[in-house]
Amino acid sequence: MAFDKHASPDTKQYHIQVARGEVGRYVFLPGDPFRTDLIASFLEDAKLIAHNREHKTWTGTLCGEKVSVTSTGMGCPSTAIAVEELIKAGADTFIRIGTAGPVRDSSDCERYDGVIVTAAVRDEGTTTHYIPIEYPAVADRHVVEALSRAALAKKLSPVRRGFLSPKTLYGRLTRIVPL
């Protein structure tokens, strides 16, 4: 199947193999396709929609709302492909779920239940193809507030932080930085 930018909205997307209506408006985005199974286990009536390359998609309901989980693979280019195709399939709100290791002094042993990333330094090459580098990568305040309220309701104590994700994992250190 060749890529066709003029394809019908009902056509399955080339890389993620989902069509309009098969995904919810809200999508959780882990990198690892195997992590989608775990996340889908928290959804009601979860159904495997597609698994093509590094992109695996489940759809179900959460608190009565149709939601999906799609793996993005590693890095910005494959994430951009997944997000663009999910938008074409009807999604409009994305929550990246993943792991990160903070770089900090060993005397700082404070532990968190998670991190709600509020902004990121765009030290990579993909996003400049969408918007100028001067435009900040800031999370939607409504989504951040909803995540914060949900965490507090579950008696979790996440921390809100900015994030630096470099082009190379081992070339420079990745660090969580306070904003």
Side-chain angles (χ1 to χ4, degrees), residues 13 15-18 22-87 89-103 111-124 126-127 137-167 169 174-179:
Q13 296 301 310
H15 296 93
I16 64 173
Q17 290 296 300
V18 301
E22 291 185 316
V23 297
R25 174 182 177 196
Y26 305 102
V27 182
F28 295 106
L29 300 172
D32 185 348
F34 296 104
R35 197 169 288 139
T36 63
D37 302 341
L38 173 63
I39 297 166
S41 74
F42 291 95
L43 304 179
E44 296 173 23
D45 303 318
K47 177 183 173 191
L48 179 62
I49 303 298
H51 188 180
N52 188 46
R53 301 178 182 178
E54 69 266 33
H55 305 293
K56 187 174 187 179
T57 300
W58 290 83
T59 296
T61 58
L62 185 63
C63 300
E65 185 76 39
K66 183 178 181 180
V67 298
S68 297
V69 55
T70 298
S71 55
T72 61
M74 292 194 302
C76 289
S78 64
T79 300
I81 289 169
V83 169
E84 282 193 40
E85 292 186 1
L86 285 163
I87 289 169
D92 66 16
T93 303
F94 305 94
I95 298 173
R96 171 72 173 100
I97 297 176
T99 54
V103 175
R111 297 190 50 88
Y112 307 110
D113 291 321
V115 176
I116 298 172
V117 176
T118 56
V121 174
R122 293 172 48 219
D123 183 21
E124 42 65 47
T126 302
T127 59
V138 179
D140 181 280
R141 66 183 178 90
H142 302 290
V143 174
V144 169
E145 284 302 315
L147 290 170
S148 297
R149 283 192 309 272
L152 290 173
K154 295 285 186 184
K155 300 192 182 344
L156 299 173
S157 52
V159 62
R160 291 185 189 185
R161 290 286 190 263
F163 191 75
L164 167 62
S165 181
K167 294 174 217 171
L169 180 60
T174 301
R175 65 180 69 223
I176 296 175
V177 293
L179 292 180

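When every heavy atom of L43 is checked against every heavy atom of T59, the shortest pair comes out as CD1-C, 4.4 Å. Pairing each heavy atom of A46 with each of A40, the nearest pair is CB-O, 3.5 Å. Shortest non-hydrogen contact noted between G73 and E54 is CA-CG, 3.5 Å. When all heavy atoms are compared, the tightest approach of I116 to P158 is CD1-CG, 3.9 Å.
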Derivation of the side chain to side chain contact (heavy atoms under 4.5 Å, CB included) call for T79 and F94: CA-CA 11 Å; T79 300; F94 305 94; over 6 Å; no
Steps toward side chain to side chain contact (heavy atoms under 4.5 Å, CB included) verdict (F42, L38): CA-CA 7 Å; F42 291 95; L38 173 63; 4.2 Å; yes
Step-by-step side chain to side chain contact (heavy atoms under 4.5 Å, CB included) determination, V83 to L29: CA-CA 9 Å; V83 169; L29 300 172; 3.8 Å; yes
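Although no hydrogens or angles enter the test, the distance criterion places a donor-acceptor pair under 3.5 Å between the side chain of Q17 and the main chain of Q13. Under a 3.5 Å cut-off, the side chain of S71 and the backbone N or O of P30 do not form any donor-acceptor pair. Between the side chain of S78 and the backbone N or O of T72 there is at least one donor-acceptor pair closer than 3.5 Å.
With rounding to the nearest 0.5 angstrom, the CD atom of E65 is 12.0 Å from the CD atom of E44. A distance of 3.5 Å separates OG1 of T127 from CZ of R122, quoted to the nearest 0.5 Å. Expressed to the nearest 0.5 Å, how far CD1 of I81 lies from NE2 of H55 amounts to 5.5 Å. Taking OG1 of T70 as the reference point, atom CG of L86 lies at 4.5 Å (rounded to 0.5 Å). The line from CD1 of I95 to OG1 of T93 is 7.5 Å long, rounded to the nearest 0.5 Å.
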Identify each donor-acceptor pair in which a side-chain atom of residues 142-151 lies under 3.5 Å from a protein atom, sequence neighbours left out, and give them as a table.
residue	atom	partner	partner atom	Å
E145	OE2	R160	NH1	3.2
E145	OE2	R160	NH2	2.8
S148	OG	V144	O	3.0
S148	OG	R160	NE	3.1
S148	OG	R160	NH2	2.9

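Put simply, the residue from H51, E85, E84 that forms a side chain to side chain contact (heavy atoms under 4.5 Å, CB included) with I16 is E85.
Every residue meeting the side-chain hydrogen bond (donor to acceptor under 3.5 Å, both in side chains) condition with D37, not counting sequence neighbours, appears here in chain and number order: K56, W58. Considering only residues two or more places apart in sequence or on other chains, D45 meets the side-chain hydrogen bond (donor to acceptor under 3.5 Å, both in side chains) condition with none of them.
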